[in-house]
Amino acid sequence: MDRHSSDEDDDRQTLTHQNDTKHLPRQIPTSPRASTAPRSGFHIEELESQIRRRFKLTFNKRYLFAIFLPLLLIPIFLSTDIRSLFSSNISSLKFNKVSDQLKESQLQALYLLNQQLTSLLSLWNHTFVNSNDNVSAVQFDDIKASLLNQITLNKHIQQTLLSPHKTGNTLQNATVLDPAYAGYSFDRCRKVDLKFSERRTIEWKPKPNKFLFAICLSGQMSNHLICLEKHMFFAAVLNRALVIPSSKFDYQYNRVLDTEHINDCVGKNAVIPFEDFMEMKKNHAHIDRFICYFYSPQPCYVDEEHLKKLRSLGISMGKLESAWKNEDIKKPSQKTIKDLEEKFASDDDVIAIGDVFFAEMERDWVTQPGGPIAHKCKTLIEPSKLILLTAQRFIQTFLGSNFIALHFRRHGFLKFCNAKKPSCFYPIPQAADCITRMVERANTPIIYLSTDAAESETGLLQSMVVLNGKTIPLVKRPPRNSAEKWDALLYRHGIEDDPQVEAMLDKTICAMASVFIGAPGSTFTEDILRLRKDWGTASLCDEYLCQGEGPNFIAGEE
């Protein structure tokens with residue numbers, strides 16, 4: 001800057017000198033040469049001075065502009081998307097046309113979907129007004145469900161297409177018909193109306209001092225409960241009180257059943273625990289007649305070891321006798337009440353009948369909801385109050401009101417099922433596919449898993465039960481945790497580790513489910529189905545696992 005100032009001072013001095021000389025008196029040149037040379041030098045010097053001045057002034061302005069221009073551009077650059085400044089107009093011109101075309105396509109699609117929905121709803125109304133009586137209730141519900149699924153899918157597509165045009169809580173220039181609000185909905189897996197009040201019953205009127213001693217030895221607890229229920233029917237037909245077996249001879253029934261519940265429902269002392277019976281007989285009782293329902297594979301389906309156990313309990317008896325010489329548990333024949341009265345009626349005080357688990361008599365009567373005996377309750381054989389409350393607390397804690405229960409039997413089931421035609425043992429992927437279809441059909445968010453399968457199987461099953469990209473949880477009863485109180489009643493009464501109590505707890509939870517998937521060929525499943533039927537919780541969607549299809553792979557025989 002100092003250098004620039006000195007240059008300007010020199011220019012000023014030169015201009016001052018030139019101006020001063022202009023005011024001097026004009027001298028007459030003495031000769032042409034003398035007068036011309038000084039004049040020419042003056043003009044050249046003056047021109048150079050003017051050029052140099054103008055150049056320096058121009059240079060200085062440009063230099064300053066070059067310095068300050070970046071300082072002005074930096075804030076603008078930092079605060080502005082430069083690319084958008086140059087591309088916004090281009091992109092808007094480029095994409096406005098595409099956006100308009102997309103919007104037009106969406107509106108056209110909405111129009112077509114609305115037309116389709118109108119047709120579907122018309123078909124819905126026409127189908128249900130002109131329903132075919134030859135179509136079963138389940139098949140008809142499947143048709144209704146498929147049609148409703150299409151209507152619902154249509155509605156969801158319309159809502160998705162309209163979402164970009166949504167303003168606040170309203171949709172612009174569009175109307176979506178909601179089938180739910182128009183009355184186009186139904187519960188596909190609704191409860192079955194079993195017409196409990198119309199059932200056929202028999203009065204249970206035990207005669208004084210007439211007893212029937214129940215013998216149930218086939219299979220595990222579920223088999224024994226089914227056998228016990230049939231014994232109750234025998235007792236009602238024969239007008240006898242039923243003696244519940246001792247826990248030293250059979251299962252400890254008082255841990256899973258409430259005998260007083262049965263008596264309260266019937267209104268009489270129709271069921272007597274073994275201990276009370278022996279007290280009446282002063283700890284020594286005699287079975288006057290021991291009648292075998294089945295003759296083969298062995299009479300009464302009882303071995304010598306169990307006969308010894310009876311004797312050790314203070315029970316004496318005569319020889320075993322068979323009601324029919326040709327009755328085989330593998331091919332049981334149908335019997336009527338008249339047949340039972342002819343073979344088992346007796347004036348003796350105490351009779352025993354064994355084992356009646358496989359007995360087939362008055363099937364429609366015995367298997368009806370609530371059973372064949374007149375009573376004021378939903379069912380006679382049901383879980384004890386402690387187990388019932390524990391199941392309810394578990395459901396409230398982990399499941400809620402809407403859940404599927406799955407009895408997934410695996411242990412020892414492979415060989416058992418493969419001996420049947422068709423087999424009932426399904427590969428995990430096939431089972432998962434069947435379960436997923438039921439989840440979609442029942443519209444339930446969670447599954448209760450009652451199983452004896454290994455973790456390797458249940459883990460794989462859990463990973464494969466997926467609907468619409470979401471894994472459906474399979475819930476099992478967790479190990480004991482003192483922080484959880486749902487099972488406190490069992491611990492308080494010291495029955496928490498009893499395997500029969502745990503099995504009955506599983507049954508109870510399954511019986512309360514919205515939908516139940518059972519294991520074909522399992523009496524555990526059959527007892528759950530009985531409870532669901534008696535309690536009125538049976539659903540139109542209840543079925544066996546992969547019902548109607550066989551395994552997609554079956555191993556060879558040994």
Side-chain angles (χ1 to χ4, degrees), residues 210-238 240-254 256-257 259 271-278 281 283-335 339-346 348-361 366 381 412 416 500 523-524 526-527:
K210 300 296 180 183
F211 302 98
L212 171 62
F213 201 94
I215 303 293
C216 297
L217 300 174
S218 172
Q220 299 183 12
M221 172 63 88
S222 296
N223 298 45
H224 288 224
L225 292 175
I226 295 172
C227 174
L228 200 62
E229 184 182 28
K230 291 181 178 180
H231 268 299
M232 290 167 59
F233 181 63
F234 274 81
V237 171
L238 300 174
R240 291 177 175 272
L242 183 67
V243 179
I244 302 295
S246 166
S247 59
K248 296 179 181 179
F249 178 76
D250 202 340
Y251 287 109
Q252 194 167 352
Y253 289 105
N254 63 348
V256 296
L257 300 177
T259 56
V271 175
I272 301 176
F274 178 80
E275 293 73 19
D276 294 349
F277 171 73
M278 291 302 291
K281 298 295 182 178
N283 296 322
H284 182 76
H286 179 73
I287 297 177
D288 300 306
R289 294 184 63 191
F290 202 133
I291 309 171
C292 300
Y293 188 98
F294 289 100
Y295 181 78
S296 180
Q298 66 186 85
C300 289
Y301 206 72
V302 61
D303 55 17
E304 187 60 33
E305 181 181 353
H306 281 90
L307 293 176
K308 289 181 179 178
K309 285 184 178 180
L310 281 177
R311 296 187 183 101
S312 68
L313 294 172
I315 303 293
S316 61
M317 68 200 77
K319 288 185 177 182
L320 303 184
E321 56 180 285
S322 296
W324 299 279
K325 294 294 185 182
N326 58 351
E327 196 67 22
D328 190 334
I329 63 172
K330 294 181 180 179
K331 296 179 180 180
S333 58
Q334 293 289 335
K335 305 298 182 184
D339 295 329
L340 300 183
E341 291 174 337
E342 288 178 353
K343 294 296 183 178
F344 299 102
S346 172
D348 297 296
D349 290 340
V350 181
I351 67 171
I353 301 176
D355 176 321
V356 297
F357 169 72
F358 295 99
E360 291 286 349
M361 70 282 187
V366 172
I381 296 182
F416 169 81
Q500 301 311 320
T523 53
F524 189 92
E526 295 304 319
D527 203 34

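Residue numbers run from 1 in the order of the sequence given. Owing to the predicted nature of the structure, the values given are computational and were not obtained by experimental measurement.
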Quiz item: Run the side chain to side chain contact (heavy atoms under 4.5 Å, CB included) check on Leu310 and Phe213 step by step: do they pass?
Solution: CA-CA 11 Å; Leu310 281 177; Phe213 201 94; 3.9 Å; yes

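- A 4.5 Å side-chain heavy-atom check between Asn223 and Leu217 finds every atom pair outside the cut-off.
- In this structure the side chain of Leu257 reaches within 4.5 angstrom of the side chain of Ile381, judged on heavy atoms.
- In this structure, the separation between CD1 on Ile353 and CG on Leu212 is 5.0 Å, given to the nearest 0.5 Å.
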Quiz prompt | Verdict with reasoning, Glu229 to Leu225, per side chain to side chain contact (heavy atoms under 4.5 Å, CB included) | solution = CA-CA 6 Å; Glu229 184 182 28; Leu225 292 175; over 6 Å; no

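- Here the side chains of Val243 and Val271 are not in contact, with every heavy-atom distance at 4.5 Å or above.
- One finds the OG atom of Ser222 at 5.0 Å from the CG atom of Asp527 (value rounded to the nearest 0.5 Å).
- Side-chain contact between Pro273 and Asn254 is absent, with no heavy-atom pair separated by less than 4.5 Å.
- Taken to the nearest 0.5 Å, the CG atom of Leu307 stands 11.0 Å off from the OG atom of Ser312.
- No donor-acceptor pair closer than 3.5 Å links the side chain of His231 to the backbone N or O of Ala214.
- Using a 4.5 Å cut-off on side-chain heavy atoms (C-beta onward), Met361 and Asp339 make no contact.
- Note on ring orientation: taking the six-membered ring where Trp is involved, the planes of Tyr251 and Tyr253 are perpendicular (angle over 60°, cut-offs 30° and 60°).
- When side chains are defined from C-beta on, Thr523 counts as touching Ile226, because their heavy atoms get closer than 4.5 Å.
- Defined by atom type and a distance below 3.5 Å, a donor-acceptor pair is present between the side-chain atoms of Ser333 and Lys335.
- Lys343 places a side-chain heavy atom less than 4.5 Å from the side chain of Trp324.
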Between side-chain atoms of residues 285-295 and protein atoms elsewhere (two or more places apart, or another chain), which donor-acceptor pairs fall under 3.5 Å?
from	atom 1	to	atom 2	distance (Å)
His286	ND1	Ser316	O	3.3
His286	ND1	Ser316	OG	2.7
Asp288	OD2	Asp349	N	3.3
Asp288	OD2	Val350	N	3.0
Arg289	NE	Glu321	OE2	3.3
Arg289	NH2	Glu321	OE1	2.8

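- In this structure, NE2 on His306 lies 4.5 Å from NZ on Lys309, to the nearest 0.5 angstrom.
- For the pair Lys210 (side chain) and Ala241 (backbone), a donor-acceptor distance under 3.5 Å is absent.
- Without hydrogens or angle criteria, Ser296 side chain to Gln298 main chain gives no donor-acceptor distance under 3.5 Å.
- Note: Gln500 CD to Ser247 OG = 12.0 Å, rounded to the nearest 0.5 Å.
- Arg311 and Glu304 are joined by a salt bridge, as a carboxylate oxygen and a charged side-chain nitrogen come within less than 4.0 angstrom of each other.
- For the side-chain contact (heavy atoms from CB on, under 4.5 Å) criterion with Phe234, the lone passing option out of Ile351, Leu242, Val356 is Val356.
- Taking CG of Asp328 as the reference point, atom CZ of Phe358 lies at 10.0 Å (rounded to 0.5 Å).
- For Ser322, there are no side-chain hydrogen bond (donor to acceptor under 3.5 Å, both in side chains) partners, not counting sequence neighbours.
- Side-chain N/O atoms of Ser218 and Asp355 include no donor and acceptor closer than 3.5 Å.
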